[in-house]
Q: 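Before we start, here is the structure in question, set down as structure tokens.
Computed from a predicted model, the values in this text were never measured in an experiment.
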Amino acid sequence: MMPESLKTLLTESQNPVSRHIDTLATRDMLAIINQQDALVSQAIAHELDAIAQAVDIIAAAFHRGGRLFYIGAGTSGRLGVLDASECPPTFGSDPNQVIGIIAGGEHALRHAVENAEDDRDQGVIDLQKHHLCDRDVVVGIAASGRTPYVLGALSYAKQCGATTVSVSCNPSSPMTELADIAITPVVGPEVITGSSRMKAGTAQKLVLNMLTTGAMIRTGKVYGNLMVDVQATNAKLHNRQRRIVMAATECDGETAERALAEANNHCKTAIVMVLTGLSADRARLALDEHHGFIRPLIEPN
């Protein structure tokens with residue numbers, strides 16, 4: 001029997017659209033899932049103001065040397081770790097700039113550690129390990145908005161003076177009331193009752209993508225729509241660097257390769273070299289003076 005405390009949660013309620021999904025042909029079953037998934041982007045559209053506020057605060061934190069922490073349990077925690085782990089290869093960011101923390105630790109990434117989410121004190125301990133400070137931003141992630149592990153972490157973050165953000169899918173939850181900024185895409189009941197890895201998980205992933213991508217754009221990691229700080233850690237990414245330099249400067253492949261070689265495979269420096277004619281050293285210095293932004297170097301006021 002469902003505990004009384006869960007009966008009022010939207011993410012735990014039964015979806016009338018899928019009540020007989022087990023009787024349907026496979027194509028019809030998938031059509032219902034697809035139709036329900038289409039509701040997710042609509043729910044996020046209603047949260048764009050809150051997401052924008054969070055992006056600007058995260059970018060400001062990065063500018064002053066602060067960090068972004070994601071913290072959650074189960075699916076929510078895994079999504080946070082995933083988004084954090086993708087930032088260094090995509091944006092060339094410091095691995096310690098965006099940090100994902102999951103209840104139960106590394107083991108919980110591949111195995112269910114369900115009781116870990118109930119330990120409020122462990123959420124505090126896991127943040128303390130990273131010496132949280134008032135320059136940081138902590139994003140608590142939980143579909144229900146009531147996970148004790150996350151609530152403990154957010155409460156501790158507020159005590160430290162860090163900015164707190166909640167990402168949940170239940171309005172008026174304890175997390176939304178506790179956080180400085182509440183992002184609450186209301187996606188409705190899941191196709192499979194209580195399976196918040198579905199619509200709620202999709203909504204959380206989209207929001208987290210927006211938070212880091214938006215903050216990275218705001219800190220000069222993107223020029224146009226090009227990931228100009230991408231690191232060439234393999235052949236595929238080196239080829240991507242070459243294509244990015246070519247797209248950003250409209251140069252040929254040979255010019256792009258030469259600039260990348262002189263810039264020690266730093267994509268952004270190579271772009272500035274081609275666009276301005278500066279040497280690699282002077283291009284790096286110019287980028288440093290403009291906090292990593294390319295556009296002020298080629299479009300001065």
Q: How far apart are the closest heavy atoms of Pro185 and Val207, and which atoms are they?
A: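 Closest approach of Pro185 to Val207: CG-CG2, 4.4 Å.
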Q: Same cluster for Val222 and Ile271 if Ile/Leu/Val/Met/Phe/Trp/Tyr side chains link at under 4.5 Å?
A: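 Result: no, two separate clusters.
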Q: Side chain to side chain donor-acceptor pair (under 3.5 Å) between Asn15 and Ser18: does it pass, once the steps are laid out?
A: CA-CA 6 Å; Asn15 192 329; Ser18 60; 4.5 Å; no
Q: Please examine the side chains of Glu86 and Leu82, heavy atoms only from C-beta on, and report whether any two atoms are closer than 4.5 Å.
A: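 Answer yes - side chains close enough.
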Q: Return the CG to OG distance between Leu151 and Ser166, rounded to the nearest 0.5 Å.
A: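 Nearest 0.5 Å value for the CG-OG distance: 9.5 Å.
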Q: Step by step, would you call Val245 with Cys251 a side-chain contact (heavy atoms from CB on, under 4.5 Å)?
A: CA-CA 8 Å; Val245 174; Cys251 72; 4.2 Å; yes
Q: Among side-chain atoms of Asn170 and Thr11, is any donor-acceptor pair under 3.5 angstrom?
A: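 Looking only at side-chain atoms, Thr11 and Asn170 do form a donor-acceptor pair, the distance falling under 3.5 Å.
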Q: Let me check something: do Leu206 and Leu68 share a hydrophobic cluster, defined by ILVMFWY side-chain heavy atoms less than 4.5 Å apart, either directly or through other members?
A: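 As far as the 4.5 Å side-chain criterion goes, Leu68 and Leu206 are connected within one cluster.
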Q: Would you give the length of the straight line joining atom CG of Leu237 to atom CD of Gln231, rounded to the nearest 0.5 angstrom?
A: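 If we round to the nearest 0.5 Å, Leu237:CG and Gln231:CD are 9.0 Å apart.
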Q: With a 3.5 Å distance limit and no angle check, can you tell me whether Lys199 reaches the backbone of Pro189 through a side-chain donor-acceptor pair?
A: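 Yes; judged by distance alone, with no hydrogens or angles, the pair exists.
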Q: With the side chain counted from C-beta on, respond yes when Glu250 and Met246 share a heavy-atom pair under 4.5 Å apart, and no when they do not.
A: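 Contact flag for Glu250/Met246 side chains = no.
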Q: Measuring from Asp134:CG to Cys160:SG, what's the distance to the nearest 0.5 Å?
A: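 Nearest 0.5 Å value for the CG-SG distance: 8.5 Å.
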Q: Can you tell me how far apart CG (Leu287) and CZ (Arg282) are? Round to the nearest 0.5 Å.
A: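 Rounded to the nearest 0.5 Å, the CG-CZ separation comes out at 13.0 Å.
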Q: Within the 4.5 Å heavy-atom criterion, are Leu211 and Leu208 side-chain neighbours or not?
A: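 When only atoms from C-beta onward are counted, Leu208 and Leu211 do touch, with a gap below 4.5 Å.
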Q: Is there a donor-acceptor pair under 3.5 Å between the side chain of Ser155 and the backbone N or O of Gly152?
A: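 Checked: no pair found.
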Q: Any side-chain donor paired with an acceptor under 3.5 Å for Tyr70 and Asp83?
A: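 Short answer, yes.
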Q: Do Ser76 and Gln204 have side-chain N/O donor and acceptor atoms under 3.5 Å apart?
A: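 Ser76 vs Gln204: donor-acceptor pair found between side chains.
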Q: Keeping Thr90 on the side-chain end and Cys87 on the backbone end, is there a donor-acceptor pair under 3.5 Å?
A: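 Not confirmed, Thr90 side chain does not pair with Cys87 backbone.
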Q: Going by heavy atoms in the side chains, are His130 and Ile101 under 4.5 Å from each other?
A: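 Touching, per the 4.5 Å side-chain cut-off.
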Q: Where do Ala142 and Ser168 come nearest, in terms of heavy atoms and distance?
A: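 Heavy-atom minimum between the residues: O-CB, 2.9 Å.
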Q: Roughly how far apart are Thr202 OG1 and Gln36 CD, rounded to 0.5 Å?
A: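 Going from the OG1 atom of Thr202 to the CD atom of Gln36 covers 11.5 Å.
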Q: With heavy-atom distances below 4.5 Å as the criterion, would you say the side chains of Phe69 and Leu127 are in contact?
A: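 Answer yes - side chains close enough.
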Q: Should Ile32 and Met29 be regarded as members of a common hydrophobic cluster, given that ILVMFWY residues are connected when their side-chain heavy atoms come within less than 4.5 Å of each other, either directly or indirectly?
A: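 Hydrophobic grouping puts Ile32 with Met29.
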Q: Step by step, work out the side-chain contact (heavy atoms from CB on, under 4.5 Å) result for Ile141 and Ile71.
A: CA-CA 6 Å; Ile141 317 164; Ile71 190 160; over 6 Å; no
Q: Between the main-chain N or O of Asp121 and the side-chain N or O of Asp119, is there a donor-acceptor pair closer than 3.5 Å?
A: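 Yes.
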Q: If only atom types and distance count, is the side chain of Lys158 paired as donor or acceptor with the main-chain N or O of Thr163 below 3.5 Å?
A: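 Between the backbone of Thr163 and the side chain of Lys158 there is no qualifying donor-acceptor contact (under 3.5 Å).
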Q: Tell me, do Phe91 and Ile217 make a side-chain contact under 4.5 Å, heavy atoms counted?
A: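 No. Closest side-chain heavy atoms not under 4.5 Å.
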Q: Using modelled atom types and a 3.5 Å cut-off, is there a donor and acceptor pairing between side-chain atoms of Glu190 and backbone atoms of Glu12?
A: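 No; zero donor-acceptor contacts below 3.5 Å.
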Q: Is it the case that the side chain of Arg67 and the backbone of Asp136 share a donor-acceptor pair, with hydrogens and angles ignored and the cut-off at 3.5 Å?
A: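 A pair under 3.5 Å: no.
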Q: Are more than 12 heavy atoms from other residues, nucleotides or ligands located less than 6.0 Å from atom CD of Glu177?
A: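 Yes, CD of Glu177 has more than 12 neighbouring heavy atoms, counting only those of other groups under 6.0 Å.
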Q: Given Val228 and Ile294, is the side-chain contact (heavy atoms from CB on, under 4.5 Å) satisfied, shown in steps?
A: CA-CA 9 Å; Val228 291; Ile294 292 175; 4.1 Å; yes
Q: How are the rings of His291 and His63 set to each other: parallel, tilted or perpendicular (split at 30° and 60°)?
A: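 Perpendicular, since the angle between the ring planes exceeds 60°.
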Q: Would the distance check show the side chain of Thr164 and the main-chain N or O of Asp180 forming a donor-acceptor pair, the cut-off being under 3.5 Å?
A: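 Indeed, once roles are kept as given, a pair shorter than 3.5 Å links the two residues.
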Q: Are Lys268 and Met227 close enough that some pair of their side-chain heavy atoms sits under 4.5 Å apart?
A: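 Lys268 vs Met227: side chains apart.
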Q: Testing the 3.5 Å rule here: is there a donor-acceptor pair between the side chains of Gln122 and Asp126?
A: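 A pair is found: one side chain offers a donor N or O, the other an acceptor, under 3.5 Å apart.
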Q: Between the side chain of Ser195 and the main-chain N/O of Met198, is any donor-acceptor distance below 3.5 Å?
A: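 Checking the backbone N and O of Met198 against the side chain of Ser195, no donor-acceptor pair under 3.5 Å is found.
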Q: Look up atom CD1 in Ile181 and atom CD1 in Ile58, then write down how far apart they are to the nearest 0.5 Å.
A: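 That separation rounds to 7.5 Å.
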Q: Give a yes or no on whether Arg284 atom CZ has more than 12 heavy-atom contacts from other residues, nucleotides or ligands under 6.0 Å away.
A: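 Counting neighbours around CZ of Arg284, more than 12 heavy atoms of other residues, nucleotides or ligands fall under 6.0 Å, so yes.
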Q: Just so I know, are the side chains of Val138 and Leu154 near enough to count as touching, which here means a heavy-atom distance under 4.5 Å?
A: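 Sidechains of Leu154 and Val138: in contact.
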Q: Please determine whether side-chain contact (heavy atoms from CB on, under 4.5 Å) holds for the pair His238 and Asn265, giving the CA-CA distance in whole Å, both sets of side-chain angles, and the decisive distance to 0.1 Å.
A: CA-CA 8 Å; His238 177 77; Asn265 288 324; 3.6 Å; yes
Q: Do the side chain of Thr176 and the main chain of Ser173 share a donor and acceptor less than 3.5 angstrom apart?
A: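 A pair under 3.5 Å: yes.
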Q: Which one of Leu39, Ile44, Val40 satisfies the side-chain contact (heavy atoms from CB on, under 4.5 Å) criterion with Gln42?
A: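 Option passing the side-chain contact (heavy atoms from CB on, under 4.5 Å) with Gln42: Leu39.
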Q: More than 12 foreign heavy atoms under 6.0 Å from CZ of Arg64: is that the case here?
A: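 Counting other residues, nucleotides and ligands, CZ of Arg64 exceeds 12 neighbours.
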Q: Determine whether more than 12 heavy atoms belonging to other residues, nucleotides or ligands lie under 6.0 Å from atom CG of Asp28.
A: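 Counting neighbours around CG of Asp28, more than 12 heavy atoms of other residues, nucleotides or ligands fall under 6.0 Å, so yes.
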